[in-house]
Every structure is written in C-alpha cells, then in structure tokens.
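Here the structure is a predicted model, which means the values were calculated and not measured.
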Number of protein chains: 2
Amino acid sequence: MLEECKALSNETRLAILEWLKDPATHFPGIGDEADGVCVGLIQRRVGCSASTVSAHLATLQRAGFLQATRRGQWTYYRRDEERIRAFAARVHHDL
Amino acid sequence: MLEECKALSNETRLAILEWLKDPATHFPGIGDEADGVCVGLIQRRVGCSASTVSAHLATLQRAGFLQATRRGQWTYYRRDEERIRAFAARVHHDL
DNA sequence: TCGGCATTTCGCTTATTGCCGAAATTACGT
DNA sequence: ACGTAATTTCGGCAATAAGCGAAATGCCGA
C-alpha cells in the first residue's frame, strides 16, 4: 500500500497512467498498441528528459501498475489492469 | 488524488488511519471515542515528537481523511469515513 | 492573574525525491 | 565490425518531506 501510494504521489506519473488508458488518442502516430507505448513517445509527451521518464516508468512498474515488454531496442509499457483493479479493491477494503 | 496519495505515502500516517478504525483496541484508557482520539494518545502510540505527530494529523486532515474537534485543550481526531469511501471510489473509478 | 498542560507553529537539520546530462547498455542496419 | 538509435544507469544538484526541540498559542484551574 505504501509503495503504491508513493508511486501515485507524482503528477507526471498520474498523467502517464491516465494516458495509457487510451494510448491511441494520447500518443500520435502509435501503431499496434497491444504491447503498450514505447518510452520515446511517452517522453515526448511528458516533455522531460529520457532518464527522468525512465525512472518514472520504473517506479510505476515496481508498484505493479505497469507491465514492460522489451522488443528489440524498444521497451513498451502498458497498464496492468488486473493489478490496478486489485489495488483499488485493497484501497476500498483496507483504507 | 495527488494530495490524497501524498498523505498516504507515509508509514506513520497509514498506521494512524488504521488505528483510528478501532480506537478502543489501539488506544488504552480511551473514554468516549465519539469525538475521536486526542493528539497526546496518538503521539504516545506513534512514539515520535508531538510536533511531528501534529504535522501528520494536519496532513491527513487536509487530505480529507480525518476530522478534528477541538474540546477545551484537546483536539480529537477521527476518521472521516464518508470522504475515505469517496476517495476509494475515485481510485476505483479513475485509476 | 498566574502556572501548567495540550497542541500548534517556527526554525533548523537530515532524508528522500525529482530532475538533468553524461556514460553505459543493448539492439539494429550496413 | 562500426555507427546510430532507444533505453537505462550513474553522479550530482535542487526541491520537497520528515523529523526534532524551542517557542508560541489556547485553555483550564487555583
């Protein structure tokens, strides 16, 4: 619960989670979105450095909100809906 | 959402919220718990300084999780169950 | 009114987080 | 093998958060 809340305690990370709900509308020029969105696209949307975005994505992944798939030189990130729902349920139950 | 998550991003504050679910078992020698638990009792349970505990309680109140009632020289804090439920619902819906 | 108790505010120090650019890593194409 | 591109890791700096003790505030009783 603590790690998850920490991961959500940042405007940029909340925005990323929101955008990944519907990649097609938030990331122009996206192709097959089944695997998620690559770091570069997210970085351009966020507007800060690649290293910072990478850290944010790693934080969200450690918290269980994102899944990553490496394909070639790209890493695709997508929401882990199951774990997101599980977290929401835990908030409802435990908080 | 951001402010609420920040408020929950601390072990001590999470513990306080948890304890206040059932004051009678977590705070020895509590009387009428309708108004909540006074800062002194919470401070003894937490084990850190009065000023720190006061800051934590203020944070939780600003986030909407606690309500405060001043009675004489004591401030009683209790969970705001309605707003806590509302937050949980928002997490479930928006996240 | 004065002294004492509960709580909050203030000023400060330390720890954590956020951010960057540079360097390292990994993969692709030639 | 080499050069380029995507991403991550590293080292450092600035901003925010967490903690403390001392001082201030508010309230009660003598």
Practice task
Round to a whole Å and report the spacing from CD of B:Q43 to P of C:dC5.
Solution key: 15 Å
Practice task
Using only side-chain N and O atoms of A:Y77, determine if any of them is under 4.0 Å from OP1 or OP2 of D:dT8.
Solution key: yes
Completion exercise
To the nearest angstrom, the CZ-P distance between A:R62 and D:dT9 comes to 9 Å
Fill in the blank from the handout: Rounded to whole Å, the CG-P distance (B:L41 to C:dC5) equals 16 Å
Practice task
Assess whether one donor atom and one acceptor atom, taken from the side chain of B:S51 and the base of D:dG19, lie less than 3.5 Å apart.
Solution key: no
Practice task
Indicate yes or no: at least one non-hydrogen side-chain atom of B:W19 is less than 4.5 angstrom from one of B:L41.
Solution key: no
Exercise for the section: Output yes when B:D35 and B:R71 qualify as a salt bridge under the 4.0 Å nitrogen-oxygen rule, no when they do not. Expected result: yes
Handout entry: Spacing of A:L8 atom CG relative to C:dG18 atom P, expressed in whole Å
Key = 12 Å
Fill in the blank from the handout: Taking D:dA6, C:dG18, C:dT17 as options, the one with an atom nearest any side-chain atom of A:K6 is C:dT17
Problem - Integer-rounded Å distance: C:dT8 P and B:I42 CD1 - result: 10 Å
Handout entry: Among A:V39, A:V37, A:I16, the one residue meeting side-chain contact (heavy atoms from CB on, under 4.5 Å) with A:Y77
Key = A:V39
Practice task
Please state whether the phosphate of D:dG19, meaning OP1 or OP2, lies under 4.0 angstrom from any side-chain nitrogen or oxygen of B:H56.
Solution key: yes
Practice task
Could you state the atom-to-atom distance from CH2 of A:W74 to P of C:dA27 in whole Å?
Solution key: 12 Å
Problem - Sidechain N-carboxylate O distance under 4.0 Å for B:E82, B:R85 - result: no
Problem - Rounded interatomic separation in angstrom, taking CG from B:L60 and P from C:dT8 - result: 13 Å
Handout entry: Residue whose nearest DNA chain C nucleotide is more 5′ - A:R70 or A:R13
Key = A:R13
Exercise for the section: Ignoring backbone atoms, establish whether B:N10 has a side-chain N or O less than 4.0 Å from OP1 or OP2 of D:dA18. Expected result: yes
Exercise for the section: Choose from C:dT7, D:dG19, C:dC19 the nucleotide whose nearest atom is closest to any side-chain atom of B:T52. Expected result: D:dG19
Practice task
Please state how far atom CD in A:E11 lies from atom P in C:dT17, giving the value in whole angstrom units.
Solution key: 18 Å
Practice task
Decide yes or no, distance alone: a donor-acceptor N/O pair under 3.5 angstrom between the base of C:dC5 and the side-chain of B:Q73.
Solution key: yes
Problem - Distance (rounded to the nearest 0.5 Å) between B:T75 OG1 and B:R70 CZ - result: 4.0 Å
Practice task
Tell me whether the OP1 or OP2 atom of C:dT8 has a side-chain N or O from B:S54 closer than 4.0 Å.
Solution key: yes
Practice task
Using only heavy-atom distances, decide whether a donor-acceptor pair under 3.5 angstrom links the side-chain of B:S49 to the base of D:dG21.
Solution key: no
